[in-house]
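Everything on this sheet refers to the single structure shown next.
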There are 2 protein chains.
Amino acid sequence: MTQMKKITINDVALAAGVSVSTVSLVLSGKGRISSATGQRVNEAVEQLGFVRNRQAAALRGGQSGVIGLIVRDLTTPFYAELTAGLTEALEAQGRMLFLTQGGRDGERMRRGFEALMKQGVDGIVIAGAASEGAALRDEANRLGVPLVFASRASYLDDADNIRPDNHQAAQRLTEHLIKRGHQRIAWLGGRSSSLTRAERLGGYCATLLQYGLPFHSEWIVECEPSQNQAAQAINALLRHNPTISAVLCHNATVAMGAWFGLLRAGRQSGEDSFESYFDSTVALAAFAEVEEERLDDIPGAFVLTPAREMGRSVAERIMQRIQYAEEPIKSQIIAPRLVTRK
Amino acid sequence: MTQMKKITINDVALAAGVSVSTVSLVLSGKGRISSATGQRVNEAVEQLGFVRNRQAAALRGGQSGVIGLIVRDLTTPFYAELTAGLTEALEAQGRMLFLTQGGRDGERMRRGFEALMKQGVDGIVIAGAASEGAALRDEANRLGVPLVFASRASYLDDADNIRPDNHQAAQRLTEHLIKRGHQRIAWLGGRSSSLTRAERLGGYCATLLQYGLPFHSEWIVECEPSQNQAAQAINALLRHNPTISAVLCHNATVAMGAWFGLLRAGRQSGEDSFESYFDSTVALAAFAEVEEERLDDIPGAFVLTPAREMGRSVAERIMQRIQYAEEPIKSQIIAPRLVTRK
DNA sequence: TTGAAAGCGGTACCAA
DNA sequence: TTGGTACCGCTTTCAA
């Protein structure tokens, strides 16, 4: 309430008894200024509570220091984590993030893009692009704005693209099971329309073949991300294919559902020992979206995509692109991390 | 690649054969302009692919149309959902969001605050404030910037504050159990240092007393948000207090863990029927962070704080504050929603 | 109905 | 080492 009027460098200049250009120089630490005036200016700044207006600065010369993000859906743990990593890295560089949501089907991607352009961002990140992506890429480079894509599966080839290595993730998980003695490994979860799933399935199949293990299409079952459906699905699967000894789950929800299903089936089977039933029958392994320390009751291995790290990589990439306009297109594939318990 | 140079209203004015002021008027739809020139200008805009620079606009005249968010931790589902609701509502009003993270202990709140100020935001939202909050509130109103807090429990009194009604949430959940015939209801989860938990416990106790039901401090057990620990904790609890017939879980993770624990205990108990064991022994109910359609295997009721709605309310509140500077301080309590399954 | 011109808060070049 | 000053892109009186 003390002072409602905005303080500008003029006020500072006046108070310090110097010119605005001097103040500007002190602020940006550019020209060689005598420590005496430097002092005076800084004192004035302090005393008046001056806050520099970056918009004005950006208007005149350089960059706004702001990069825009169009994220598919913040509510998805993966994207939330990615966004967190991205802001972290940007803030560490004194930059900021403009947030917009694209929507699950990209309905609002275009609007977001335009809003960001109006705000004069230095670059744009699109996390989880929809079909709209290609058009925006063209638009962006028509306008000369650096654009980087981050996604969960392969995307456009002729654009910077950072994504997880789904193939390798599946491979590692499958290999892990094989090395633990499993020969008959099934797949549970995901929708067949998912590209991420397709890439993972590729890694799974490849690994099975590589080890000369059987592969049956009936062992690959789709399933909505619901615990209940996963529980039912795994039991149906095992009932029809009792020889299956391990199941790869497409995500944590499915894994939990499967685990619930197994617990109940185990009970119903009338086995004597709880432990022996599961250890001797079905092992679980799953793809995790983020660090799942909380889900520590589910036995088995997880492979996770370090989404936060991915976010940091995205930050670096976009900053490079801003720095060197002529940087060639470059994609980056983030390696998964295998986490085994117990 | 076609045109790297930025198009300004000057270019448009030139192309349309009018003055910049005319273009500006057309753009903002203010002055009365003949539809003829209106046409010409719009064509030029279209043709040149002009994008208006909001920074410049904000510099001269009014607001930047941007509000800043300092969020404790985007990775928490609750805050992610809140943020999503907030951006949604803001975007619907043609405004945008600057995102910064404050950190779990508010380490980076101050930095974020200053960065936002430099960017010239119209207002600031702090979601999940730490101790730093009070200082920032003072700072904000020294600088004359509207500030709104959003949190999971009560916070500062002399500031706008939007939060869930934890008391009522616990009350409804407890009442739900009582009406289903439960008389001996325990509490599982949360840390005793949590204010949210304290408020919920208040509602729980109040309701028990109100119905003349027994209340034992041994029935209230702390527990880390880990499935495993929850599973162990519930079993220990029930072993020592076999008469307990229902358990309130502090969050979904604890609820799942408890459910895992019950499933295993049920098996080990050697009951004949899976269903009967649980139905006749322990019912679960839980506080959920967000819509948990995915967690549909856990039986029992949930009460959830509509975080997304909360985000929208926050958006409205901050916009009001921006609009009417002299608006009095006002807090808002968001009612919970009870969800029962089956 | 339209145009000219004065800023908004800074930056940066050119002189002093 | 400093000061003067012409912009940056747009809004907004004030005249024409």
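Every chain is numbered from 1 and lettered A, B, ... according to where its sequence line falls, protein lines coming before strand lines.
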*Using the six-membered ring wherever Trp is involved, compare the ring planes of B/Y155 and B/F149 and label them parallel, tilted or perpendicular (cut-offs 30° and 60°).*
tilted
_Tell me the interatomic distance from A/L25, atom CG, to C/dC14, atom C1', rounded to whole angstroms._
13 Å
*asked:* Among D/dT1, C/dG10, C/dT2, which nucleotide has an atom closest to any side-chain atom of A/S34?
replied: D/dT1
*Would you indicate, yes or no, if D/dC7 has its OP1 or OP2 atom less than 4.0 angstrom from a side-chain nitrogen or oxygen of A/R60?*
no
*Do B/R312 and B/E309 sit within salt-bridge range, that is, some charged N less than 4.0 Å from a carboxylate O?*
no
*Value in whole Å for how far the C1' atom of C/dG9 lies from CD of B/Q119*: 14 Å
*When you check the phosphate oxygens OP1 and OP2 of D/dT11, does a side-chain N or O of B/R52 lie under 4.0 Å from one of them?*
yes
_Take a 6.0 Å sphere around CD of A/E107 and say whether it holds more than 12 heavy atoms from other residues, nucleotides or ligands._
yes
*Answer yes or no: does atom CD of A/Q47 have more than 12 heavy-atom neighbours from other residues, nucleotides or ligands under 6.0 Å?*
no
_Does D/dT12 have its OP1 or OP2 closer than 4.0 Å to a side-chain nitrogen or oxygen of B/K30?_
yes
*For atom CZ of A/R54 and atom P of C/dT11, their distance in whole Å*: 10 Å
*asked:* Determine whether a donor-acceptor pair (one donor, one acceptor, N or O, separation below 3.5 Å) exists between the side chain of B/S21 and the base of C/dA4.
replied: yes
*Whole Å only: how far is the CD1 atom of B/I33 from the P atom of D/dT12?*
14 Å
*Identify, between B/A56 and B/A36, the residue whose nearest nucleotide on DNA chain C lies closer to the 5' end.*
B/A36
*Just compare C/dG9, C/dG3, D/dC10 and give me whichever is closest to any side-chain atom of A/T8.*
C/dG9
_By the definition side chain to side chain donor-acceptor pair (under 3.5 Å), identify the one residue from B/K330, B/Q320, B/R321 that meets it with B/D160._
B/R321
*How is B/V41 classified with respect to the nucleic acid when contacts are heavy atoms under 4.0 Å: base, sugar-phosphate, or nothing?*
nothing
*Can you tell me if the side-chain N/O atoms of B/S19 get under 4.0 Å from OP1 or OP2 in C/dT2?*
no
*Are OP1 or OP2 of C/dT11 and a side-chain N or O of A/S28 less than 4.0 angstrom apart?*
no
_Protein-nucleotide distance (B/D11, atom CG; D/dC8, atom P), rounded to Å_ = 11 Å
*Qualifying residue, where the test is side chain to side chain contact (heavy atoms under 4.5 Å, CB included) with B/V23 and the options are B/V12, B/N10, B/D11*: B/V12
*Do B/R72 and B/Y79 meet the cation-pi criteria used here (NZ or CZ under 6.0 Å from the six-membered ring centre, within 45° of the axis)?*
no
_Distance in angstrom units between B/N10 CG and D/dT11 P, rounded_ = 12 Å
_Nucleotide of C/dG3, D/dT2, D/dG9 approaching B/V18 most closely (side-chain heavy atoms)_ = C/dG3
*Between A/Q55 (CD) and D/dG9 (C1'), how many Å, whole number?*
12 Å
*asked:* Rounding to an integer number of Å, can you tell me how far B/N53 CG sits from D/dC8 C1'?
replied: 9 Å
*To the nearest 10°, let me know how far the axis at one end of the helix from C/dT1-D/dA16 to C/dA16-D/dT1 is tilted from the axis at the other, five pairs an end.*
40°
*If we ignore angles and hydrogens, is there a donor and acceptor under 3.5 Å between the side chains of B/T22 and B/S19?*
yes
*asked:* Let's see if you can work this out: which of C/dT2, D/dG3, C/dG10 has an atom nearest to the side-chain heavy atoms of B/T22?
replied: C/dT2
*May I ask you to say what A/I9 touches in the nucleic acid, namely base, sugar-phosphate or nothing, with a heavy-atom cut-off under 4.0 Å?*
base
